[in-house]
**Q** 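Got a structure here, written out as structure tokens. Questions coming.
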Amino acid sequence: MPVLNESSFFTEENSAEIVISRNGNAKNERLNQIMASITRHLHAAVKEIEPSQEEWMAAIQFLTSTGHTCDNWRQEYILLSDVMGVSMLVDSINSRRPSGTTENTVLGPFHLEGAPAMEFGANICLDMKGEPMVVNGRITDVAGRPLEGVKLDVWQANNEGFYDVQQKGIQPDFNLRGVFRSRTDGSYRFRGVKPRHYPIPNDGPVGQLLNKLGRNNRRPAHLHFVISAEGYQEVTTHIFVPDDPYINDDAVFGVKESLLRDFVHIDNSAKAAEYGVANPFYEVEFNVVLAEANS
Ligand code: BEZ
Ligand code: FE
């Protein structure tokens, strides 16, 4: 007969501690620390909620269906993290940078590796829908020195509110995506279409959850950037249209005041011809300040 040690049996009171103590032989101390924290918080939540068996099964089913909704083109777990504010929290923790440098925001699930390299001023819009827009800016370091050769990976939804990967076979591949490099004076330019607000994917479990919670599922109009240069911290960010109706109710909490930009309506045929866009058009300036890698 094994010797009974009462304190090693699971009880409602000791539930978290007994689970944590079983992980004592973990080969990775960080994993041990993470699992201890998650176990403590999860058990505390279950004790607070006191779910019925049916409610707990509903939670399991929700997570199961979230997994079943994921494939090579869709990541419903990232979306869940986004709408719970966790993506933005992890991003904030990992992108504490010196003041005056360009702030990060959420990457989102629609970034693609391998977008085409494009020349200064090129048009990323391949489906010819929407109001023309020109984006101009300069990349500098914190001292205001121009940075040459900085990579700007940009992407946006089309005029109907969908990314190319959401409409494979409907939109041209790599519609509204491009990779640009800043010039000697730090300048960059590209053409696209004025962004519009759009719903995050709402045909899966996360969309249903937002609906049940009575929450908005829209993102205010924005353009995405990943900006990188050797020796500098990478910036994953957006610029937002400030008068968008959802600017204060972003479904994924990505808006920051420093990322609001004026999208100026221009009616000037000479300027339009210079940029190679139809008149009238929108112009927006987005200057970027990069922090050194070890600052
Ligand atoms: C996006 O802006 O592309 C996005 C971000 C989070 C969730 C869904 C979409
Ligand atoms: Fe987006």
Side-chain angles (χ1 to χ4, degrees), residues 75 78 81-82 85-122 124 133-157 163 174 176-192 195 219-242 244 247 250 252-263 283-295:
Q75 232 305 350
I78 295 184
S81 151
D82 294 341
V86 179
S87 303
M88 277 306 289
L89 182 56
V90 173
D91 189 67
S92 304
I93 291 166
N94 285 285
S95 57
R96 297 177 186 131
R97 287 199 282 263
S99 78
T101 56
T102 301
E103 289 195 281
N104 255 45
T105 187
V106 66
L107 173 67
F110 299 124
H111 177 250
L112 273 192
E113 293 298 337
M118 293 187 172
E119 294 299 317
F120 180 85
I124 60 173
M133 171 197 68
V134 178
V135 183
N136 272 310
R138 257 181 103 233
I139 322 272
T140 60
D141 65 9
V142 281
R145 285 182 293 250
L147 297 175
E148 182 186 359
V150 176
K151 180 179 173 193
L152 295 107
D153 190 344
V154 305
W155 70 105
Q156 65 168 122
Y163 289 88
F174 294 113
L176 292 159
R177 296 177 189 274
V179 174
F180 295 83
R181 295 272 173 184
S182 60
R183 303 196 298 184
T184 329
D185 62 352
S187 65
Y188 74 89
R189 175 183 299 164
F190 64 91
R191 287 174 282 152
R219 296 219 62 210
H222 60 271
L223 298 173
H224 291 261
F225 297 77
V226 175
I227 303 158
S228 50
E230 210 176 312
Y232 294 87
Q233 295 179 36
E234 184 169 281
V235 176
T236 297
T237 198
H238 309 353
I239 52 173
F240 292 92
V241 178
D244 186 280
I247 200 72
D250 182 359
V252 304
F253 309 98
V255 181
K256 291 182 176 173
E257 199 174 352
S258 72
L259 301 176
L260 305 181
R261 286 292 176 285
D262 281 335
F263 286 67
E283 186 171 15
V284 56
E285 185 177 51
F286 178 40
N287 297 323
V288 175
V289 182
L290 296 183
E292 281 180 27
N294 43 17
S295 56

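All values derive from a computational prediction rather than experimental measurement.
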**Q** For the ring pair F180 and Y188, is the centre-to-centre distance below 6.0 Å?
**A** no

**Q** Restricting to salt bridge (charged side-chain N to carboxylate O under 4.0 Å, His left out), what partner residues turn up for D82, sequence neighbours left out?
**A** none

**Q** Flag the pair E234 / V226 as yes when at least one side-chain heavy-atom distance between them is below 4.5 Å, and no otherwise.
**A**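 In short, these two side chains touch, coming nearer than 4.5 Å.
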
**Q** So I139 and Y232, do their side chains get closer than 4.5 Å, heavy atoms only?
**A** no

**Q** Output the distance between atom CG (L223) and atom OG1 (T237), rounded to the nearest 0.5 Å.
**A**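 L223 atom CG to T237 atom OG1 measures 10.5 Å (nearest 0.5 Å).
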
**Q** Looking at NZ of K256 and CG of N104, how far apart are the two atoms once the value is rounded to the nearest 0.5 Å?
**A**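 Nearest 0.5 Å value for the NZ-CG distance: 6.0 Å.
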
**Q** Could you report the tightest heavy-atom contact between S182 and L152, atom names first, then the distance?
**A** N-CD1, 4.2 Å

**Q** Just so I know, are the side chains of M118 and F190 near enough to count as touching, which here means a heavy-atom distance under 4.5 Å?
**A** no

**Q** Side-chain contact, heavy-atom cut-off 4.5 Å: I227 with V150?
**A**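 With C-beta onward as the side chain, the pair touches.
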
**Q** Nearest 0.5 Å, what's the NE2-CG distance between H238 and D250?
**A** 7.0 Å

**Q** Does some side-chain heavy atom of H111 sit less than 4.5 Å from a side-chain heavy atom of D153?
**A**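 Heavy-atom side-chain distance check passes, below 4.5 Å.
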
**Q** Rounded to the nearest 0.5 Å, what's the gap from CG on D262 to CD on E285? Could you check?
**A** 10.5 Å

**Q** Is any side-chain heavy atom of V252 less than 4.5 Å from a side-chain heavy atom of S87?
**A**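 Heavy-atom side-chain distance check fails, nothing below 4.5 Å.
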
**Q** How are the rings of F240 and H222 set to each other: parallel, tilted or perpendicular (split at 30° and 60°)?
**A**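 Geometry flag for H222 against F240: tilted rings.
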
**Q** Measure the shortest side-chain to side-chain distance between I247 and L260 over non-hydrogen atoms and say whether it is less than 4.5 angstrom.
**A**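 SC-SC contact between I247 and L260 confirmed.
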
**Q** Quick one: does any side-chain atom of T102 pair with a main-chain N or O of V289 as donor and acceptor, under 3.5 Å?
**A** yes

**Q** Do you know which two heavy atoms are closest between G178 and A115, and how far apart they sit?
**A** N-CB, 4.2 Å

**Q** What salt bridge (Lys or Arg N to Asp or Glu O under 4.0 Å) pairs are there with at least one residue in residues 138-148, not counting sequence neighbours?
**A** D141-R145

**Q** Shortest non-hydrogen contact from E103 to V235?
**A** O-CG1, 3.9 Å

**Q** Tell me if a side-chain donor or acceptor on K151 pairs with a main-chain N or O of V179 at a distance below 3.5 Å.
**A**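 A pair under 3.5 Å: no.
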
**Q** Is there a donor-acceptor pair under 3.5 Å between the side chain of S95 and the backbone N or O of D91?
**A**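 Confirmed, S95 side chain pairs with D91 backbone.
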
**Q** Answer yes or no: is there a side-chain heavy-atom contact under 4.5 Å between L89 and F253?
**A**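 Contact flag for L89/F253 side chains = no.
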
**Q** Assess the residue pair Q156 and I124 against the criterion (side chain to side chain contact (heavy atoms under 4.5 Å, CB included)); give the C-alpha distance rounded to whole Å, side-chain angles, the decisive distance to 0.1 Å, and a yes or no.
**A** CA-CA 9 Å; Q156 65 168 122; I124 60 173; 4.0 Å; yes

**Q** With rounding to the nearest 0.5 angstrom, report the CG to CD distance, N294 to Q233.
**A**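 With rounding to 0.5 Å, CG (N294) is 8.5 Å from CD (Q233).
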
**Q** Which atom pair, heavy atoms only, marks the closest approach of L290 to A229?
**A** CD1-CB, 4.2 Å

**Q** Looking only at non-hydrogen atoms, find the nearest pair between R189 and N136 and report the distance.
**A** NE-OD1, 2.7 Å

**Q** Show the nearest heavy-atom pair for residues L112 and R177, with the distance to one decimal.
**A**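 Here L112 and R177 meet closest at N-NH1, 3.4 Å.
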
**Q** In sequence, state the C-alpha distance, the side-chain angles, and the governing distance for R219 and V106, and then conclude on side chain to side chain contact (heavy atoms under 4.5 Å, CB included).
**A** CA-CA 12 Å; R219 296 219 62 210; V106 66; 4.3 Å; yes

